[in-house]
Participant: 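For reference, the structure I am asking about is given below.
Letters go in sequence order (proteins before strands), and every chain restarts at 1. Just so it is clear, the structure is predicted and the values come from calculations on it, not from any experiment.
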Amino acid sequence: MADERIIPPYLETLNSEQQKAVLHLGNPLLILAGAGSGKTRVITTKIAYLIRERGYDPRSILAVTFTNKAAREMAHRAALIEPRAGDAMLRTFHSFGAWFLRRNGHLLGLPSGFVIYDDDDTVSLLATLMTDSSKQEIKSRAHLIARAKDYFLSPDDPETDLIDHRGDFRRIYKRYEERLAQIGNVDFGDLIKKPVEILKQFPEVAERFRSRFKVILVDEYQDSNIAQFELLKELCGSGTYLCAVGDDDQSIYRFRGAEVRNILQFPELFPGTEIIRLEENYRSFLPILNAASSVVSCNKGRLGKTLRASRQGGDLPVLTFMPNQDTEAAFCADLIKESMKPNGPCRNYSDWAILYRTNAQSLSFETELLRRKIPYKVVGSLKFYEREEIKDALALLSFLVNPKDEIAFRRVVNKPTRGVGAATIDRIVMEAGFGGTDDQDDNHQGDFLLQENDNPESADIAAAARRLMPSLSAKARAGIAVFLKAIESGRSALTQNGEAAFSEKKKAERGDKKDDLRFGEGLSRCVVMLVEESGIAEYHRSNDDINGAQRIANLQELANAASEYEAGTEGLLEFLEHIELDRSIEQSEDSEDAVTLITLHNTKGLEFRRVIMTGLEQGIFPREDKKDEDLEEERRLFYVGATRAMDELYITSCSMRRLFGRTQPMEPSVFLREISKDCIRVIGDVPYGFAVPSRYKNRSSFSASAESSSSKPKVSSDGRWKVGDTLFHDDYGYGGVYDIRESEEGPIVYVRFNGGAEKRFLSEFQSSNYMKTDYSG
DNA sequence: TAGTTTTAAGTTTTT
DNA sequence: CTTAAAACTA
């Protein structure tokens with residue numbers, strides 16, 4: 001397809017590989033795009049090119065990504081080149097699945113008004129089926145069910161046993177699926193799995209989609225799972241042009257079912273595949289790439305590639321060992337402050353990013369940056385939608401659109417507590433036609449389950465509650481009445497009829513409106529109505545500690561967000577779907593200049609002038625008990641993090657770290673040893689043992705002895721202490737002997753620990769390797 | 001059954 | 001240390 005047509009001007013700035021990738025058509029194309037090789041640019045340009053030069057209808061183009069951020073970015077950049085690209089379908093896999101199911105889910109008996117369950121809801125649902133299992137086990141099973149769906153495995157597939165070897169897994173999974181079908185909602189995995197099932201079962205539907213989408217582009221293909229691969233396969237007809245872009249070295253989502261094999265075996269899975277490699281890195285200075293590559297090249301299963309740096313020059317990455325996480329944070333702050341001096345190299349705080357492995361690590365950085373008055377923003381950990389009051393409000397909304405939603409009902413029917421206990425709830429759920437919780441029913445009629453929804457009334461929990469009301473105790477009856485009333489009010493607010501009555505009533509009830517929830521356009525009225533009438537708002541309001549006020553503020557924010565959506569069921573479904581699929585808060589403070597605090601996983605696709613990778617310690621990064629494939633994934637995570645840096649890369653490692661409130665000694669990360677010596681510059685003190693690899697290799701014997709719980713230091717030395725010996729002490733961590741002096745009680749060993757402490761010990765040379773007395777204590 | 005106190009456990013990573 | 005689950009009391 002390398003025809004000699006005139007190259008449009010917007011292609012001229014691309015290198016020849018990039019151009020080839022944009023111009024390519026015909027057979028499936030796999031673009032192996034190294035970090036910083038301009039892959040987003042290639043995809044967006046390609047979309048524009050296909051529309052503009054090849055006459056593709058924008059609506060016939062489907063581009064899928066893994067994150068909403070990436071989807072937005074892609075839409076934005078493509079539209080800059082070609083406005084018509086706005087009509088192309090640019091979505092995440094999951095949002096595409098939801099879109100698909102709204103239109104075709106009925107083929108599997110799924111109502112179009114389904115709500116998407118998040119992981120918490122999934123656990124709650126499973127909990128109603130496994131009444132006498134521990135929370136932990138339920139969570140574990142829920143996780144495995146999600147995994148099974150990632151692998152496109154159903155309860156009836158024998159292979160599902162490979163996911164969970166406990167014999168009862170398939171039965172649990174099956175019951176879970178049945179209940180979910182009764183309720184009429186879906187979980188995350190269903191958003192991929194169910195569309196595939198429909199496409200496989202209904203060839204005419206598949207045909208329709210194949211004729212609509214002539215072009216399918218997939219970004220971050222290395223993070224796709226088996227179900228997503230199946231989806232692509234089903235969507236691709238003989239006339240479909242498939243183009244996948246990815247980098248096997250950046251596959252970091254194995255833990256949630258991603259299959260690197262998808263990209264490694266792409267050519268076999270899609271016969272006739274052509275491969276184009278983008279190996280020119282435009283982002284980072286050469287030394288940064290060298291350091292990153294030297295680590296990731298320790299991995300076995302990889303396609304292998306050579307990144308060429310278009311930016312020669314630049315300094316070696318800097319590695320610094322810190323005593324503990326507080327000094328680590330101070331070190332970061334110093335670096336940032338220093339660079340921002342009037343004649344320093346940086347003018348923006350946003351040039352900087354601090355990377356860490358787990359969200360919990362952000363705390364010490366936040367504290368320090370706050371103290372030093374350095375502006376920062378924490379990416380990702382904003383758990384707005386996981387807050388209790390928000391989840392309650394969302395459950396009310398969900399129940400409004402789907403009165404069969406048992407999970408939503410259970411969550412809010414007695415919130416705030418109004419005398420409706422477990423017994424009452426179970427009765428109502430039973431009355432609504434749900435099987436109850438008894439594990440004995442052994443009917444194998446799962447195939448006919450879908451038909452149970454024939455009569456929508458039968459599973460309507462609100463209706464069931466109303467029916468049962470007369471037979472309930474006075475307390476429970478009153479409670480149920482309040483709940484039903486709230487739902488009614490919400491429903492009328494949804495259709496805009498209840499507005500007048502609501503405001504009248506509220507004004508009459510309370511003169512003060514200073515902390516009243518206010519509503520504006522669209523759905524916000526409905527949100528406010530529900531949380532007010534249910535008493536949830538009032539409950540938090542009267543709880544007048546700081547939390548209460550914050551919660552009211554959060555509810556207000558939710559109402560504000562809802563005002564963007566049209567009142568009515570349609571708008572409500574859109575609102576709920578948007579929240580489930582995109583939990584990132586639109587950061588209006590994007591314009592603000594701030595340092596970025598971010599987990600390594602979240603950095604994918606981002607770049608910063610200066611990056612500090614922190615916490616390079618065994619147990620943290622890589623996380624403990626990672627080995628083989630999992631360790632390789634951690635290594636790729638290192639690669640991803642390091643290659644975010646454009647100009648400068650800093651790496652820190654602490655010798656002591658506060659974990660679970662206890663300070664404990666840490667070992668340097670194995671990855672630090674994998675960086676080639678000439679690829680990195682170490683600044684400051686080097687921990688004992690680190691600079692001398694041969695000695696370090698013996699450390700297994702240290703670890704072994706470290707497991708006994710004596711507070712005396714131990715050593716692997718073969719006889720006598722001598723200067724330079726490395727040792728481990730339970731309280732002080734790793735250290736080195738820097739002096740030995742004789743005394744009448746025997747030799748005194750002077751030890752300097754990596755955490756900074758210097759201690760003297762009395763050694764019993766003749767009998768063992770133990771230190772006997774802590775002289776300095 | 002609701003709210004309190006005590007005890008134990010635990011921090012990946014995310015659509 | 002902080003949070004969630006279990007145990008306990010009113």
Participant: Contact boundaries of DNA chain C with chain A (under 4.0 Å, heavy atoms), 5' to 3'?
Facilitator: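 Footprint of chain A along DNA chain C, 5' to 3': C:dC1 to C:dA5.
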
Participant: Quick check on contacts: within residues 225-234 of chain A, what sits under 4.0 Å from DNA chain B by heavy-atom distance?
Facilitator: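 Per residue number, the list is empty: none.
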
Participant: Hydrogens and angles aside, do A:R147 and A:H143 bring a side-chain donor and acceptor to less than 3.5 Å of each other?
Facilitator: yes

Participant: In whole angstroms, how far is the P atom of B:dT13 from the CD atom of A:E634?
Facilitator: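 That distance rounds to 11 Å.
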
Participant: Starting the side chain at C-beta, find the nucleotide from B:dG3, B:dT15, B:dT14 nearest to A:F188.
Facilitator: B:dT15

Participant: By salt bridge (charged side-chain N to carboxylate O under 4.0 Å, His left out), which residues pair with A:E617, not counting sequence neighbours?
Facilitator: A:R657

Participant: When you measure from the centre of the six-membered ring of A:F671, is the NZ or CZ of A:R635 closer than 6.0 Å and no more than 45° off the axis?
Facilitator: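 Output no; distance or angle outside limits.
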
Participant: Rounding to an integer number of Å, can you tell me how far A:E386 CD sits from B:dT13 C1'?
Facilitator: 13 Å

Participant: Just N and O in the side chain of A:N68: are any of them under 4.0 Å from OP1 or OP2 of B:dT14?
Facilitator: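 It does not, given that no N or O in the side chain of A:N68 lies less than 4.0 Å from OP1 or OP2 of B:dT14.
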
Participant: Students often get this wrong, so: under 4.0 angstrom with heavy atoms, is A:F93 touching a base, only sugar-phosphate, or nothing?
Facilitator: nothing

Participant: Taking the nucleotide of DNA chain B with the closest heavy atom to each, which residue, A:L637 or A:T424, is nearer the 5' end?
Facilitator: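 Mapping each residue to its closest nucleotide by heavy atoms, the 5'-most match is A:T424.
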
Participant: Look only at the side chain of A:E368 and the backbone of A:D326, and say whether a donor-acceptor pair between them is shorter than 3.5 Å.
Facilitator: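 A pair under 3.5 Å: no.
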
Participant: Using the rule side-chain hydrogen bond (donor to acceptor under 3.5 Å, both in side chains), only one of A:R141, A:K139, A:K135 pairs with A:E137; which is it?
Facilitator: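 The side-chain hydrogen bond (donor to acceptor under 3.5 Å, both in side chains) with A:E137 is passed solely by A:R141 among A:R141, A:K139, A:K135.
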
Participant: Using whole Å, report how far NZ of A:K149 lies from P of B:dT15.
Facilitator: 19 Å

Participant: Can you give the dot-bracket line for DNA chain B, using ( ) for pairs inside the strand, [ ] for pairs that cross earlier ones, | for pairs with another strand and . for unpaired bases, where Watson-Crick and G-U count if both distances are under 3.5 Å?
Facilitator: ||||||||||.....

Participant: Measure NZ/A:K193 against C1'/B:dT15 and give the value in whole Å, please.
Facilitator: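 So the NZ-C1' distance, A:K193 to B:dT15, works out to 17 Å.
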
Participant: Given B:dT14, B:dG3, B:dT15, which nucleotide is nearest the side-chain atoms of A:T92?
Facilitator: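 Ranking B:dT14, B:dG3, B:dT15 by closest atom to the A:T92 side chain puts B:dT15 first.
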
Participant: Looking only at side-chain N and O atoms, does A:K149 offer a donor or acceptor that is under 3.5 Å from a partner on A:S154?
Facilitator: no

Participant: Considering residues, nucleotides and ligands other than A:E629, do more than 12 of their heavy atoms fall under 6.0 Å from its CD?
Facilitator: no

Participant: Please tabulate the protein-to-nucleotide N/O contacts below 3.5 Å involving nucleotides 4-11 of chain B, giving atom names and distances.
Facilitator:
unit_1	atom_1	unit_2	atom_2	d
B:dG10	OP1	A:Q136	NE2	2.8
B:dT11	O3'	A:R623	NH2	3.0

Participant: Please identify each residue that fulfils salt bridge (charged side-chain N to carboxylate O under 4.0 Å, His left out) with A:E230, with sequence neighbours left out.
Facilitator: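 Salt bridge (charged side-chain N to carboxylate O under 4.0 Å, His left out) list for A:E230, sorted by chain: A:K200, A:K233.
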
Participant: Report the residues that fulfil ring-ring contact (aromatic ring centres under 6.0 Å, His included) with A:F96, sequence neighbours left out, ordered by chain and then residue number.
Facilitator: A:W99

Participant: Want to settle it: does A:H601 or A:A422 sit nearer the 5' end of DNA chain B, counting the closest nucleotide to each?
Facilitator: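 That would be A:A422.
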
Participant: Describe the nucleic acid contact of A:D119 in one word from base, sugar-phosphate, nothing, applying a heavy-atom distance below 4.0 Å.
Facilitator: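 Answer is base: heavy atoms of A:D119 come under 4.0 Å of a base.
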
Participant: My understanding is that only residues two or more places apart in sequence, or in another chain, count here; which of them pass salt bridge (charged side-chain N to carboxylate O under 4.0 Å, His left out) with A:D405?
Facilitator: none

Participant: Select base, sugar-phosphate, or nothing to describe what A:D190 touches, counting heavy atoms under 4.0 Å on all strands.
Facilitator: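 Counting heavy atoms under 4.0 Å across all strands, no contact is made by A:D190.
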
Participant: Without decimals, in angstroms, what is the distance between A:Q222 CD and B:dT14 P?
Facilitator: 16 Å

Participant: Expressed in angstrom and rounded to an integer, what is the separation of A:R147 atom CZ from B:dT15 atom P?
Facilitator: 14 Å

Participant: Can you sort out the partners of A:Y253 under ring-ring contact (aromatic ring centres under 6.0 Å, His included), two or more places apart, ordered by chain and number?
Facilitator: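 So A:Y253 forms a ring-ring contact (aromatic ring centres under 6.0 Å, His included) with A:F255, A:H601.
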
Participant: Do other residues, nucleotides or ligands put more than 12 heavy atoms under 6.0 Å from A:Q136 CD?
Facilitator: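 Counting neighbours around CD of A:Q136, 12 or fewer heavy atoms of other residues, nucleotides or ligands fall under 6.0 Å, so no.
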
Participant: How long is the line joining CD of A:E220 and P of B:dT13, in whole Å?
Facilitator: 19 Å

Participant: Rounded to whole Å, please give me the gap between CD1 in A:I598 and C1' in B:dT13.
Facilitator: 12 Å

Participant: Going by ring-ring contact (aromatic ring centres under 6.0 Å, His included), name the residues that satisfy it together with A:F100, two or more places apart in sequence or in a different chain.
Facilitator: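 If we apply the ring-ring contact (aromatic ring centres under 6.0 Å, His included) test to A:F100, skipping adjacent residues, the hits are A:F209.
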
Participant: Apply side-chain contact (heavy atoms from CB on, under 4.5 Å) to A:A63 and list each qualifying residue two or more places apart in sequence or on a separate chain.
Facilitator: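 With neighbours one apart ignored, the set is A:I47, A:M74, A:L90, A:L217.
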
Participant: Categorize A:F255 for me: base, sugar-phosphate, or nothing, with a 4.0 angstrom heavy-atom threshold over every strand shown.
Facilitator: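 Base contact.
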
Participant: Just jot down the side chain to side chain donor-acceptor pair (under 3.5 Å) partners of A:T614, sequence neighbours excluded, or say none.
Facilitator: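 Testing A:T614 for side chain to side chain donor-acceptor pair (under 3.5 Å), a comparison that skips the adjacent residues, returns none.
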
